[in-house]
There are 2 protein chains.
Amino acid sequence: MTTSTPLGWVTALERAKGPLGRGSTAERVADVLRVQVADGHIAPGTRLSEETVGAALGVSRNTLREAFRLLAHERLLVHELNRGVFVRTAHADDVAELYRLRRLVEGAAVREVASAPDRAIDEIRRSVEEGEQAAAEQRWPDVATADLHFHRGIVRLAGSPRLEAFMDRIHAELRLAFHTMGDPQRFHAPYVTRNRELLTALQTRDARQAEIHLSVYLGDSERQLLRAFEDVPRT
Amino acid sequence: MTTSTPLGWVTALERAKGPLGRGSTAERVADVLRVQVADGHIAPGTRLSEETVGAALGVSRNTLREAFRLLAHERLLVHELNRGVFVRTAHADDVAELYRLRRLVEGAAVREVASAPDRAIDEIRRSVEEGEQAAAEQRWPDVATADLHFHRGIVRLAGSPRLEAFMDRIHAELRLAFHTMGDPQRFHAPYVTRNRELLTALQTRDARQAEIHLSVYLGDSERQLLRAFEDVPRT
DNA sequence: CTTGATGGATCGTTGAACAATCCATACCGT
DNA sequence: ACGGTATGGATTGTTCAACGATCCATCAAG
């Protein structure tokens, strides 16, 4: 046994134990449903029957309902009394608000770049490279998730785990909006180079320039998505 | 029957039915627990036994667990696997983050005052008067809630219900931190006049001035709370 | 003082049960 | 044909009882 680092290996254990003694069944069920919904494998508007899903995942109705409560609170699912839970379908109003929110929060986060640690910017750089790599190999789903990581990195500049968790949910809801529109994922390809530009602004701690890039990015992205909503004006 | 306003009474019904045919039992349970906890009637750190609370509210354990999941997701309760749920106890770290968050979000919201409707500012004015009235009559708990309404009004300037809901939870969590410190509620009294100052800045759409007032307010409030944490350095 | 064993209390999860609600269908009178 | 209404099946809302798993305080032993 290496008794070398009296404090080192203990904290290492603490870090490792995270993924180990994971959560309750309800939380694990919520986890798998969350990715299925966020990845668009379950179409928006789909009703999730307690019996069907419960049987599919091998859990009881009660446990499943706890998981549903979680996801409904995250706004990925919509809970209608006595009718069941549905995968949320976004509307044009939602898109407008989601982007207003992103402008406000991500804009404010970018402004904090001056007081952000280098590590945070490194993380953003990594997500940019991740996206460039994926784009070069035309792995577009990966481009989309890299874009997600990029914006999570931006939010992280604010240094608030709570805000991070909140914006994760906002970004997830936005993904839902894309899926509602049958999102051709190479949609996100053009933004790879933009992210690189924003990154260089951040690396030089030029908050002003970064904010401009971000504003343009969000404006274009919103326009693009809203145009899709005009073409397919679902209820 | 007044058939007078052909559209009015219909929408009036819609509004009225809201508080009427309310949500599921789990949601109603969550509602009552939420106010009990947020008002500090259940001390931070208290364990909420499923059996005890279930009996007290006359609901089954399963339904109660759904409610717990809701409140845990709102961070009012902490869910520890196989140990139960507890009223959250705030730590100094939390306080620091909560204020960083408020500076970021409320600051950004204040900057939006230019594009905010008059109605939004009226609402803020009302909360200020509400606080002044309560302070004059030394109803300090009401002063505290008026202060809460004030800041909710500020957040509302951003025009995003999602952000509003999020910040409501943040403010609730902060209240928890105050309660953790045995909050003498007249704590909030000095801020009544500050809110008035901030309001006049908003009324003249002077975002710059308003942001300064807000920044000072939050700085002082944070210092005050953190000082309390030094005196009572609980685990 | 640490280690290990014991037992009780509480949580986690399940399955069954029943009432309440919704929804599609069929029925009815005009 | 059409609007309103009954009917019945399917699904949700909620409760209850049960059992294994886990935690925790206690106590005994080293």
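Order of the sequence lines fixes the chain letters, A, B, ..., with proteins taken first and strands second; residue numbering starts at 1 for each chain.
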Spacing between B:His79 atom NE2 and C:dC11 atom C1', to the nearest angstrom: 8 Å
Length of the CG-P vector between A:Leu64 and C:dT14, whole Å: 10 Å
Roughly how many Å is it from CZ in A:Phe68 to C1' in D:dT11, rounded to a whole number? 12 Å
A:Glu123 with A:Arg156: basic N within carboxylate O range, under 4.0 Å: yes
Within the structure, does a side-chain N or O atom of B:Ser60 lie under 4.0 Å from either OP1 or OP2 of D:dC16? no
Under 4.0 Å between any heavy atoms, over every strand shown, what does B:Gly54 touch: base, sugar-phosphate, or nothing? Just pick one. nothing
To the nearest Å, how far apart are B:Glu66 CD and C:dG12 C1'? 14 Å
Between P on C:dT14 and CD on B:Glu50, what's the gap in Å once rounded to a whole number? 15 Å
Considering only side-chain heavy atoms of A:Arg65, which listed nucleotide, C:dC11, D:dT15, D:dT12, is closest? D:dT12
Taking the side chain of B:Glu51 as its heavy atoms from C-beta onward, which of C:dT13, C:dT10, C:dC23 lies nearest to it? C:dT10
Under 3.5 Å: donor-acceptor pair, side chain of B:Glu97, backbone of A:Arg162: yes
Along DNA chain C (nearest heavy atom to each residue), the more 5'-positioned of A:Asn62 and B:Val85: B:Val85
Just wondering, do A:Ser160 and A:Met167 contact through their side chains at under 4.5 Å, heavy atoms? no
Reckon B:Arg47 has a side-chain N or O less than 4.0 Å from the OP1 or OP2 of C:dC11? yes
Earlier contact from the 5' end, DNA chain C, for A:Val59 and B:Gly84: B:Gly84
For the residue pair A:Thr180 / A:Arg175, report whether a side-chain donor-acceptor contact shorter than 3.5 Å exists. no
Closest to the A:Thr63 side chain: C:dC23, C:dT13, D:dT15? C:dT13
Gap between atoms CZ and C1', on A:Arg69 and C:dT13 respectively (whole Å): 18 Å
Starting at atom CG of A:Asn82, determine the distance to atom P of D:dT14, rounded to an integer number of angstrom. 8 Å
Given the structure, check if the side chain of B:Arg61 and the base of C:dT13 hold any donor-acceptor pair shorter than 3.5 Å. yes
Could you tell me how the ring of A:Tyr217 sits relative to the ring of A:Tyr191: parallel (under 30°), tilted (30 to 60°) or perpendicular (over 60°)? tilted
What is the distance from CG of A:Leu57 to P of C:dG15, rounded to the nearest Å? 14 Å
